[in-house]
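Reviewing the structure listed below.
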Amino acid sequence: MFAFLALIIAGLFLQDSVVNADLFKEDNLHYVLTRLDKLEQKVESLQVENNKLQIVDKKLKEENEILKEENRRIRSRLRTIEKQNAMQTSYFGSKLQTTHEHNEEIQRYTHKLHNTKEHKTKVVDDIAKENYHYKRLLIGNTTPVPTVTAPKVAFAVQLTKEITKLGTHQIIEYDKVLLNDGNGYDVRHGHFTAPIKGVYLLSVIVYTDRHNDIHLDLVKNGQLITSVYANGATDNASSTIVFPILLQQGDMVWLRTHQGDEGKVLVGVSQFMLNAFTGALLYAL
């Protein structure tokens, strides 16, 4: 009986040992497989890094080759420049030396020439010839130079009679002539005609009563030059313009009604220069 129990116990013990051994083997195998997976992942990661490093290394090598080629070109260029500088230095050095020698030779010859009798005689003869030439010029140039005198041109006219109803582009005929040197102003038609080509100084004065306004155009040969405007909305008002203008011989200038001012009144009195037109020749051309 005891022997049978011992056999049963021994069998149970062996069975347990086999089971534990099998479990131990399974655990070790799982551990090994896990380690292998991690190692494979590490290898793959290292391979990726290695590929990246190879690409970078290739780019660096290419850039290095480019830099080497550029360095070779720079060195070649520097050698060429050094040769050119050496040649120029040699050429200009010899040239300066030759020029200096020529200058010294010229100075020696000039000094020698000035000390010779022949040179002194030649100088005296040249001075005598020049004096004779100048005397002939002075004697021969006795014809008086004609003096050109520009005509005196100036005019000043004013309006003494009121124009009660202005027409379209009506010419303003200033009826009182205060000055008309050169007879350039035509009182019958209100035109000033330039007797010669030149720059003239013109001035225009316009005046209007309270609650009225007036707008006149200054024209040359029918073309508008400028306008002058006086606005008497709150009180009597006047406006003046003065400016130079280039006129050809025969050009005509005059004042006329501005478009839109038809039917308005232009004041004129004999005691005051309210509405006036003046001009003078500054210089002839």
Side-chain angles (χ1 to χ4, degrees), residues 146-285:
T147 302
V148 179
T149 303
K152 297 178 181 179
V153 182
F155 72 96
V157 293
Q158 73 176 74
L159 190 65
T160 63
K161 299 177 182 179
E162 184 179 89
I163 302 175
T164 57
K165 191 175 182 181
L166 291 170
T168 302
H169 283 178
Q170 179 178 340
I171 298 174
I172 309 304
E173 298 176 356
Y174 298 91
D175 56 303
K176 184 175 181 180
V177 178
L178 304 175
L179 177 67
N180 195 17
D181 285 345
N183 296 318
Y185 182 76
D186 183 0
V187 69
R188 296 172 301 173
H189 304 99
H191 295 152
F192 168 73
T193 304
I196 62 171
K197 178 183 177 181
V199 175
Y200 293 77
L201 185 69
L202 301 180
S203 68
V204 180
I205 305 172
V206 296
Y207 171 88
T208 186
D209 292 329
R210 186 179 182 182
H211 302 311
N212 294 313
D213 66 324
I214 191 66
H215 197 168
L216 299 180
D217 292 336
L218 176 64
V219 298
K220 180 181 75 172
N221 301 329
Q223 299 298 319
L224 177 65
I225 301 173
T226 186
S227 297
V228 57
Y229 176 70
N231 187 355
T234 58
D235 201 351
N236 298 342
S238 65
S239 180
T240 303
I241 56 172
V242 180
F243 62 95
I245 183 174
L246 172 63
L247 296 178
Q248 303 291 333
Q249 183 178 9
D251 280 349
M252 299 174 65
V253 291
W254 65 88
L255 274 300
R256 72 184 184 190
T257 308
H258 182 75
Q259 185 175 357
D261 274 26
E262 295 83 358
K264 292 186 178 180
V265 176
L266 189 63
V267 177
V269 294
S270 59
Q271 296 90 345
F272 305 104
M273 203 173 184
L274 301 180
N275 283 287
F277 182 28
T278 67
L281 174 65
L282 290 178
Y283 53 87
L285 296 174

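Side chains included, hydrogens not; waters and symmetry mates left out as well; all remaining heavy atoms used.
Ile171 places none of its side-chain heavy atoms less than 4.5 Å from the side chain of His189. Using a 4.5 Å cut-off on side-chain heavy atoms (C-beta onward), Gln170 and Ile163 make contact.
In this structure a side-chain-to-backbone donor-acceptor pair under 3.5 Å is missing from Asp181 to Val153. The backbone N or O of Tyr174 sits less than 3.5 Å from a side-chain atom of Tyr185, completing a donor-acceptor pair. At least one donor-acceptor pair closer than 3.5 Å links the side chain of Arg210 to the backbone N or O of Thr234.
In this structure, the separation between CG on Asp209 and CD1 on Ile214 is 10.5 Å, given to the nearest 0.5 Å. One finds the CD atom of Gln158 at 8.0 Å from the CG atom of Leu274 (value rounded to the nearest 0.5 Å). From Asp186, atom CG reaches atom CD of Glu173 across 9.0 Å, with rounding to the nearest 0.5 Å. How far CD1 of Ile172 is from OG1 of Thr257: 4.5 Å, rounded to the nearest 0.5 Å. Taken to the nearest 0.5 Å, the CG atom of Leu159 stands 11.5 Å off from the NZ atom of Lys176. With rounding to the nearest 0.5 Å, the separation of CG in Asn275 from CG in Leu266 is 4.0 Å.
Looking at every heavy atom in both residues, Ser227 comes nearest to Leu224 through OG-CD1, 4.0 Å. When every heavy atom of Phe277 is checked against every heavy atom of Ser203, the shortest pair comes out as CD1-O, 3.4 Å. Minimum interatomic distance between Leu281 and Ala284 (heavy atoms only, all atoms of both residues): CD1-N, 4.2 Å.
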Inset, instruction - Go through Tyr200 and Phe192 one step at a time and tell me if the side chain to side chain contact (heavy atoms under 4.5 Å, CB included) criterion holds. - result: CA-CA 11 Å; Tyr200 293 77; Phe192 168 73; 3.9 Å; yes
Inset, instruction - Check the pair Thr278 / Met273 against side chain to side chain contact (heavy atoms under 4.5 Å, CB included), numbers first and verdict last. - result: CA-CA 11 Å; Thr278 67; Met273 203 173 184; 3.9 Å; yes
Inset, instruction - Please report the C-alpha distance between Phe155 and Val177 in whole Å, then the side-chain angles of each, then the deciding distance to 0.1 Å, and finally whether the side chain to side chain contact (heavy atoms under 4.5 Å, CB included) criterion is met. - result: CA-CA 8 Å; Phe155 72 96; Val177 178; over 6 Å; no
Inset, instruction - Step by step, work out the side chain to side chain contact (heavy atoms under 4.5 Å, CB included) result for Val204 and Leu202. - result: CA-CA 7 Å; Val204 180; Leu202 301 180; 5.8 Å; no
Let me check something: any side-chain donor-acceptor pairs from residues 239-253 under 3.5 Å, sequence neighbours excluded? List them with distances.
unit_1	atom_1	unit_2	atom_2	d
Ser239	OG	Tyr229	O	3.3
Gln249	NE2	Pro195	O	3.1
Asp251	OD1	Asn221	ND2	3.0
Asp251	OD2	Gln248	N	2.7

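Sequence neighbours left out, the pairs with a member in residues 258-273 that pass side chain to side chain donor-acceptor pair (under 3.5 Å) are Asp213-Lys264, Asp217-His258, Asp261-Lys264.
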